[in-house]
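Down below is the structure, laid out as structure tokens.
Every number for a ligand or one of its atoms is a count from 1 in the order of the listing. These figures come from a predicted structure and were not determined experimentally. Residue numbers start at 1 and run along the sequence shown.
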Amino acid sequence: MTTKIEFEQFTFENRARTPEEFADIAKELRRDVIKSLYLARSGHSGGSLGTADIFAVLFFGAVMRYDPTNPNWNERDRFVLSAGHICPILYASLARAGFFPVEELRTLRKLGSRLQGHPGIDMELPGLETSVASLGQGISIAVGMAINDKYLDKNERRVFALTGDGELQEGSVWEAAMAAAHYKLDNLCWIVDNNDCQIDGRVHDVMSIYPLDKKFEAFNFFVIEIDGHNFSEILSAFQTFHQNHKNKIGKPTVIIAKTKMGFPISFMNDSYEWHGIPPNEQQMIQALSELL
Ligand SMILES: Cc1ncc(C[n+]2csc(CCOP(=O)(O)OP(=O)(O)O)c2C)c(N)n1
């Protein structure tokens, strides 16, 4: 390696923001993703970059309640990354929120690191709520958390979970959906990263999941469809979910976010070939130059 990689230590507050501010944060998160994946020499670039705009709003737009100085705060909302393979963007978000030092991002996928290639709760990473890796399991865990909050602890916490769209080919996902609706989980916000890309092709070619809006409607969800790269639409979707929760509508909310894998890097954008590979040195330099 000839290029020296620096991670500047600064964090972002979780507060109301303008679309321009979200854009700056998303750019920073994407830079972290590119650098950590380059250093790891392996990992998932496409989904991590494609969802950065959603993470910018979710973690830094006063959407979720959390306290990085007290990760186990009892009143926090919880986030479950069911698509565990795109954890580089979760790690970047947690670091920039102040859960752990930003410098630690350089340990992605290294032996003994807390930032494993698929997040493990046994690594005791602050801010990480559960282990995730096996597609379809995270969303079931999120449903369990929401059932606990609504019926056992009877609290005002909310659960946010993100699945991929290829992930929706897992049968267990639809058992989770059935349970979420049956238990009227208006405290659950399910985000689908609808990039129509999966490990080796287009989702609509490999095994179609469409029509997605009608499927979730049939499962009795409150369905919102957005452009996952439009900050106003992302924020407005989360605000609608807040209202749904406050008004106790008796239905879970799903946000179907149309995204582009690898967005906005010119040579990765909307290409499933970038599902599971890291940038090499030249690609890393090029990508960072597009994120200035
Ligand atoms: C149960 C299970 N089967 C297979 C895998 C391997 N795998 C990881 S990501 C992935 C594709 C997922 O596609 P999608 O949810 O669309 O994610 P994206 O490609 O957008 O990152 C596969 C097959 C896995 N992690 N878990």
Side-chain angles (χ1 to χ4, degrees), residues 26 29-30 32-34 36-37 40 42-55 58 79-93 108-109 115-121 123 128 130-143 160-177 190-213 215-216 225-229 234 254-265 267-279 287:
L29 297 177
R30 286 187 169 102
D32 288 338
V33 162
I34 293 285
S36 56
L37 279 164
S42 66
H44 298 76
S45 303
S48 304
L49 294 167
T51 54
D53 297 327
I54 297 168
F55 276 81
L58 187 59
F79 175 70
V80 175
L81 180 63
S82 195
H85 59 285
I86 64 167
C87 56
I89 184 63
L90 174 61
Y91 294 149
S93 304
L108 176 68
R109 285 179 166 245
L115 311 189
Q116 286 302 302
H118 293 79
I121 198 75
M123 304 316 286
L128 182 70
T130 182
S131 299
V132 274
S134 191
L135 297 172
Q137 289 193 346
I139 190 64
S140 300
I141 295 170
V143 166
F160 295 81
L162 187 144
T163 63
D165 50 5
E167 183 176 4
L168 302 185
Q169 294 158 350
E170 292 287 344
S172 62
V173 159
W174 299 102
E175 295 179 48
W190 177 337
I191 306 145
V192 179
D193 174 28
N194 190 195
N195 56 18
D196 200 47
C197 287
Q198 60 183 99
I199 197 165
D200 52 3
R202 290 272 164 196
V203 173
H204 74 259
D205 288 329
V206 177
M207 172 83 74
S208 179
I209 53 167
Y210 303 110
L212 209 44
D213 53 342
K215 277 201 178 66
F216 275 105
E225 283 184 282
I226 60 165
D227 170 351
H229 300 303
I234 300 168
V254 64
I255 299 173
I256 301 170
K258 302 260 178 231
T259 61
K260 299 249 190 281
M261 179 166 272
F263 180 87
I265 306 303
F267 56 92
M268 297 185 189
N269 195 27
D270 202 22
S271 116
Y272 66 80
E273 286 85 355
W274 280 93
H275 159 89
I277 51 169

Response to the item:
shortest atom 3 (N) of ligand 1-to-protein heavy-atom contact is with Glu170 OE2, 3.9 Å
Practice prompt. Would you mind listing which atoms of ligand 1 come within a distance below 4.0 Å of any non-hydrogen atom of Ser134?
Written response: 1 (C), 26 (N)
Response to the item:
For atom 25 (N) of ligand 1, the closest protein heavy atom turns out to be Ala133 O, 2.9 Å
Worksheet item: With a 4.0 Å cut-off on heavy atoms, is Gly46 touching ligand 1?
Response: no
Item to complete: Decide whether Glu273 and Ser271 meet the rule of one side-chain donor and one side-chain acceptor closer than 3.5 Å.
Response: yes
Worksheet item: Does a side-chain heavy-atom distance below 4.5 Å link Arg30 with Asp53?
Response: yes
Worksheet item: With a cut-off of 4.0 Å, which atoms of ligand 1 are near a heavy atom of Asp165?
Response: 15 (O), 16 (O)
Discussion item. Counting C-beta onward and ignoring hydrogens, is there a side-chain heavy-atom pair between Thr51 and Asn195 closer than 4.5 Å?
Written reply: no
Worksheet item: What's the shortest distance from atom 13 (O) of ligand 1 to any protein heavy atom, and which residue and atom give it?
Response: Gln198 CB, 3.5 Å
Worksheet entry | Any N/O pair Gly166/ligand 1 closer than 3.5 Å | yes
Discussion item. With a 4.5 Å cut-off on side-chain heavy atoms, are Leu168 and Leu212 touching?
Written reply: yes
Item to complete: May I ask you to identify the nearest protein heavy atom to atom 20 (O) of ligand 1, giving residue, atom name and distance to one decimal place in Å?
Response: Asn195 ND2, 2.8 Å
Discussion item. Among all the protein's non-hydrogen atoms, which is closest to atom 11 (C) of ligand 1, and how far away is it?
Written reply: His275 CE1, 3.6 Å
Item to complete: Return yes when Gly136 approaches ligand 1 closer than 4.0 angstrom through a heavy atom, no otherwise.
Response: no
Discussion item. Quick check: do Tyr91 and Asp32 have side-chain heavy atoms less than 4.5 Å from each other?
Written reply: no
Worksheet entry | Spacing of CD1 belonging to Ile256 relative to CD1 belonging to Ile226, to within rounding of 0.5 Å | 10.0 Å
Worksheet entry | Phe79 side chain reached by Leu90 side chain, heavy atoms, under 4.5 Å | yes
Worksheet item: Any nitrogen or oxygen of Cys197, main chain or side chain, under 3.5 Å from a nitrogen or oxygen of ligand 1?
Response: yes
Worksheet item: Are any of the heavy atoms in His85 under 4.0 Å away from ligand 1?
Response: yes
Response to the item:
When rounded to the nearest 0.5 Å, the distance separating CE of Met268 from CD1 of Ile34 is 4.0 Å
Item to complete: Return the residue, atom name and 0.1 Å-rounded distance of the protein heavy atom closest to atom 22 (C) of ligand 1.
Response: Leu135 CD1, 3.5 Å
Fill in: Within-4.5 Å side-chain heavy-atom neighbours: Leu128 and Gln116
no
Worksheet item: Between Met261 and ligand 1, does any nitrogen or oxygen pair lie at a separation below 3.5 Å?
Response: no
Worksheet item: Taking everything shown except Met207 itself, do over 12 heavy atoms lie less than 6.0 Å from its CE?
Response: no
Discussion item. Considering non-hydrogen atoms of the protein only, which is the closest contact for atom 15 (O) of ligand 1, and what is the distance?
Written reply: Glu167 N, 2.9 Å
